[in-house]
Amino acid sequence: EYEVTVDRPIDQATCKKIAEGFMMDGSMTKPLVCKKVASTRAQVILTEGKNRQIRRMFQQSGYTVKEL
């Protein structure tokens, strides 16, 4: 379970997209839980832990992770 702070406000569509999973290292990540906690913060609960998974998912969505 992680709390992520990013460089700009997170919208609900982005959280939903991240929760569904991403293509990473040639395979899809498992679905996870992503809840918006504040304007630039989200709570992420992983069901698997790929290398730098949270940072890479937010980066693919156009965000820079400031704190994890």
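As a basis for the values below, the full set of heavy atoms in this structure was taken, side chains included, without hydrogen atoms, waters or symmetry mates. In this chain, residues are counted from 1 in sequence order.
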Each residue besides Ile45 in its hydrophobic cluster should be listed here, by chain and number; the cluster joins Ile, Leu, Val, Met, Phe, Trp and Tyr at side-chain heavy-atom distances under 4.5 Å. Val33
What is the minimum heavy-atom distance between Glu48 and Gln53, and which atoms define it? O-OE1, 3.2 Å
Working for side-chain contact (heavy atoms from CB on, under 4.5 Å), residues Lys66 and Thr40: CA-CA 10 Å; Lys66 297 293 184 184; Thr40 60; over 6 Å; no
Do Val37 and Val65 belong together in a cluster built from hydrophobic side chains that touch within less than 4.5 Å? no
Closest non-hydrogen atoms of Glu1 and Gln43, given as atom of the first, atom of the second and distance, are OE2-NE2, 2.6 Å
Closest approach of Pro31 to Thr47 (non-hydrogen atoms, all atoms of both residues): O-OG1, 2.8 Å
Distance from Arg41 atom CZ to Glu3 atom CD, nearest 0.5 Å? 4.5 Å
Min side-chain heavy-atom separation Met23-Met28 under 4.5 Å: yes
Counting only heavy atoms not in Gln59 (residues, nucleotides, ligands), do more than 12 fall under 6.0 Å from its CD? no
Can you see whether Lys50 engages Ser27 through a side-chain donor-acceptor pair at a distance of less than 3.5 angstrom? yes
If Ile, Leu, Val, Met, Phe, Trp and Tyr residues are connected whenever their side-chain heavy atoms lie under 4.5 Å apart, and connections chain through other members, are Tyr2 and Phe58 in the same group? yes
Just list the side-chain donor-acceptor pairs under 3.5 Å for residues 6-17, sequence neighbours left out, or say none.
unit_1	atom_1	unit_2	atom_2	d
Asp7	OD1	Thr64	N	3.0
Arg8	NE	Gly62	O	3.4
Arg8	NH2	Gly62	O	3.0
Asp11	OD1	Thr14	N	2.8
Asp11	OD1	Thr14	OG1	2.5

Compare all side-chain heavy atoms of Thr29 with those of Arg56 and state whether any distance is below 4.5 angstrom. no
